[in-house]
> 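Below you will find the structure I want to go over with you.
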Amino acid sequence: NWVSANPGRINTNQHYCLQILAKGGTPPDQLAELASRELVSSNLLKNIARWHALSVDCDPDNGIPEVEQWLASLLKEEGSHAAQIFITALMGGSREGDRGPYVGYFRTAEHLKSLYVLMHRYIKTTEDVDRTNGGVYSPSLRDDAQDARSRLFNLITEIPGKTSYTVIKQLIDDHPEPNYRPRMIKLAYQRAETDGDIEAWTAKQVYDFTQSQTITPTTHRQLFDLAVQRLTDLKNWLELGNDSPWETWQRATQETEMRKLIAGWLNQKCQSQYVTAQENELANNQRMDILLQNTNVQSPVPIELKLLDKNWSGPELCERLRNQLAGDYLREESAGCGVFLLVAQNINPKKSWKISGRNVPLNELADALKKYWDSISGQYSGVLAIDVIIIDLAQRERVSDS
């Protein structure tokens, strides 16, 4: 209350006062309001920069655009100096008065990327202080700003998941310093490699795997992996099995009939690891074709089924993959993985589908759709994995002729 009633009075000891307020439990939105009020009454560049830092720390969605506008309004040298004070106040520096942040709401991949690109624009690497020759090190504002700018990117690489990977991939094209881009390629690969590791199993899951070569899923990703395994088993049985009922399955002329056949087979192979349901209604009145559920997993894994014999075009398949599976069925925050299952019953061998400007035959359709998804997946940060599986019921009919 005292700070609100006395604008400008805490500029001299801003860091200590903000530490008291933040650690005393002042809500971030009130700190953001304080920053907005102080910005109106502040005249000194260093004070303005530090209040902008608090605004970004507590309310990055509004604070970052405001900083960008403010820096753009300054002359070149003044803008560079202001950016150095701002980022040092936000990230913390070597001096006692620069020991942020207080809240840390800006520590998301997207916000960090915006700040990183912005700081490179005003704190150019070509003007960095070079300390490689040794000597007595007495850090200046420029040293602290360079370090803070680098730590923005380090924070991005430490965030697990698809969003940080997508941001690093974007920096390959967006980074204002071309010499940095090869490093971005390497770090994007490392991020994908780390995130690609399977989730850690519990001791019970390890034991179960030694007994049955499978595990009971406890996470959404594990349930998705199990769904892909089961559908791959179904594909192999129908296309390669000696007792394949491919002719019977070809006679299922409606998608509802095929859906029942697939759901029934999945139920038979569940081993008490999941429950299969059909057409559960969602909040927007849409219905998933097939979904796999487990009581240990909050969100089900949707399986979107399409019969290719119903004359689906390439663009229509892409649209269904993009809007129906990714855009609608996987919008729940705890979801993120789904299967696009296509069944070809008696497709003309000469038929092709136009995907991303290229005509592809049936045996290349799955890969083409996966590549299409890879090209747009960055637009769907919450969707972690989509697999495309095609079952060709005419495959088992063919005779080897080499």
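These numbers come from a predicted model, not from an experiment.
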> For residues 26-38, which side-chain N or O atoms pair as donor and acceptor with protein atoms under 3.5 Å away, sequence neighbours left out?
| from | atom 1 | to | atom 2 | distance (Å) |
| --- | --- | --- | --- | --- |
| Thr26 | OG1 | Leu21 | O | 2.8 |
| Ser36 | OG | Ala32 | O | 3.2 |
| Arg37 | NH2 | Ser4 | OG | 2.9 |
| Glu38 | OE1 | Gly8 | N | 2.9 |
| Glu38 | OE2 | Gly8 | N | 3.3 |

> Does this structure show an ion pair linking Glu304 with Lys306, if we count only N-O contacts that are shorter than 4.0 Å?
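Result for this pair is yes, salt bridge flagged.
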> May I have the list of side-chain donor-acceptor pairs in residues 325-346 shorter than 3.5 Å, sequence neighbours left out?
| from | atom 1 | to | atom 2 | distance (Å) |
| --- | --- | --- | --- | --- |
| Asp328 | OD1 | Arg331 | NH2 | 2.6 |
| Asp328 | OD2 | Gln286 | NE2 | 3.0 |
| Tyr329 | OH | Arg287 | O | 2.9 |
| Tyr329 | OH | Gln324 | NE2 | 3.0 |
| Glu332 | OE1 | Ser299 | OG | 2.5 |
| Ser334 | OG | Ser299 | OG | 2.4 |
| Gln345 | NE2 | Trp249 | O | 3.4 |
| Gln345 | NE2 | Gln250 | O | 3.1 |
| Gln345 | NE2 | Ala252 | O | 2.7 |

> Using every non-hydrogen atom in the two residues, find where Ser164 and Ala109 come nearest and quote the distance to one decimal.
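Closest approach of Ser164 to Ala109: CA-CB, 3.8 Å.
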> Taking the basic N atoms (NZ, or NE/NH1/NH2) and the acidic carboxylate oxygens, is any pair closer than 4.0 Å for Arg121 and Glu68?
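Yes.
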> Thinking salt bridges, do Lys235 and Glu239 make one under a 4.0 Å N-O criterion?
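Result for this pair is yes, salt bridge flagged.
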> Could you tabulate the donor-acceptor pairs under 3.5 Å formed by side-chain atoms of residues 378-386, not counting sequence neighbours?
none

> For Ala83, which residues count as a side chain to side chain contact (heavy atoms under 4.5 Å, CB included) partner, sequence neighbours excluded?
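Ala83 satisfies side chain to side chain contact (heavy atoms under 4.5 Å, CB included) with Leu71, Met119, Tyr122, Ile123 once adjacent residues are dropped.
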> Using side chain to side chain contact (heavy atoms under 4.5 Å, CB included) as the criterion, point out the one residue from Ile262, Leu231, Val228 that pairs with Ile303.
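Of the listed options, the one satisfying the test is Leu231.
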> Side-chain donor-acceptor pairs under 3.5 Å in residues 362-373, sequence neighbours left out?
| from | atom 1 | to | atom 2 | distance (Å) |
| --- | --- | --- | --- | --- |
| Glu364 | OE1 | Arg358 | NH1 | 3.3 |
| Lys370 | NZ | Asp387 | OD1 | 3.4 |
| Tyr372 | OH | Arg322 | NH1 | 2.5 |

> Give the minimum heavy-atom separation between Asn154 and Thr157, together with the two atoms involved.
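In terms of heavy atoms, the two residues are closest at O-OG1, 2.7 Å.
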> Tell me every residue that passes ring-ring contact (aromatic ring centres under 6.0 Å, His included) with His120, counting only those two or more places apart in sequence or in another chain.
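Listed in chain order: Tyr116, His175, Tyr180.
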